[in-house]
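See below for the structure under consideration.
Throughout, numbering of the chain's residues begins at 1 and tracks the sequence. Atoms considered below: every heavy atom in the structure, side chains included; atoms not considered: hydrogens, waters and symmetry mates. As the structure is a prediction and not an experimental result, all values here were calculated from the model.
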Amino acid sequence: DLIADFSAPYALPRCKSKHSDLQAISPETVSNLIRGEYSEVIDNYVIVDCRYPYEYEGGHIEGAQNIYTKSDIFDRFMKSDEFTSKAVDSNKKNVIIFHCEFSSERGPKMCRYLRESDRKENADQYPRLTYPEIYILEGGYKAFYEHESSQCTPQTYKPMLHADHSQDLKHFRAKTKSMNGSRCNR
């Protein structure tokens with residue numbers, strides 16, 4: 001029950017997930033985090049929305065960042081210390097929460113990619129990690145929207161397979177395949 005660098009217990013309550021290798025949190029926990037209910041243990045958090053831009057623009061969790069390629073995940077978290085340098089209280093934690101529409105494929109894939117990149121970056125200092133506490137949102141945006149649409153901007157939900165965006169889907173699938181393939185072997 002310790003975070004990935006074995007230094008402390010998890011700050012957020014976890015729930016069961018179909019991804020046994022990842023730590024999952026419920027929509028209710030994310031909602032409570034946004035409301036500040038974990039401010040005594042969490043210093044900063046980032047919600048990473050791994051859906052395609054048209055999905056994100058069609059409704060997303062307040063404050064979520066739309067990052068949907070491995071190269072952008074690498075650039076945002078492994079090339080920059082902006083997130084980790086925001087820590088004010090060293091007793092509090094920084095956490096990252098990944099999700100996609102259902103947290104079935106894209107969100108978990110990006111979560112695993114960040115963990116793998118972090119392990120490689122800190123290989124000479126094992127088990128040290130820059131981001132030891134990362135989660136996936138169980139059920140993804142769909143579950144969050146059903147639980148707490150008032151914390152979504154705009155308060156709508158656009159599925160990946162929306163009929164009006166079939167060309168966008170083709171474009172972004174091709175883009176993520178080409179961009180994700182270019183940085184896989186870092």
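- The nearest pair of heavy atoms linking G59 to R51 is O-NH2, 2.6 Å.
- Rounded to the nearest 0.5 angstrom, I136 CD1 and C15 SG are separated by 8.0 Å.
- With hydrogens and angles ignored, the 3.5 Å screen pairs a side-chain donor or acceptor of N122 with a backbone N or O of D118.
- The two residues Y113 and F74 come nearest to each other via the heavy atoms OH-CD1, 3.6 Å.
- At least one donor-acceptor pair closer than 3.5 Å links the side chain of R119 to the backbone N or O of P127.
- Distance check, rounded to the nearest 0.5 Å: CZ of F144 to CG of D49 gives 11.0 Å.
- Using cut-offs of 30° and 60° on the angle between ring planes, the pair F77 and F98 is tilted.
- Here the side chain of D1 pairs no donor or acceptor atom with the backbone of Y10 at under 3.5 angstrom.
- Annotation: the span from I134 atom CD1 to Q23 atom CD amounts to 9.5 Å, rounded to 0.5 Å.
- Without hydrogens or angle criteria, Y141 side chain to E55 main chain gives no donor-acceptor distance under 3.5 Å.
- A side-chain donor-acceptor contact under 3.5 Å links S104 and K18.
- Atoms CG and NE2, from N66 and H60 in turn, are 8.5 Å apart once rounded to the nearest 0.5 Å.
- With respect to K79 and D75, a salt bridge is recorded, a charged nitrogen being found less than 4.0 Å from a carboxylate O.
- Partners of E148 according to the salt bridge (charged side-chain N to carboxylate O under 4.0 Å, His left out) rule, which considers only residues two or more places apart in sequence or in another chain, are R35.
- Here the closest heavy-atom approach between residue E40 and residue K92 is recorded as O-CE, 3.6 Å.
- Judged purely by distance below 3.5 Å, without hydrogens or angles, the side chains of Q155 and S149 never pair a donor atom with an acceptor atom.
- Counting only distance, with no hydrogens or angles, the side chain of H19 and the backbone of S103 share a donor-acceptor pair below 3.5 Å.
- In this pair, Y52 and Y68 present their aromatic rings perpendicular. The plane angle is above 60°, beyond the 30 to 60° band.
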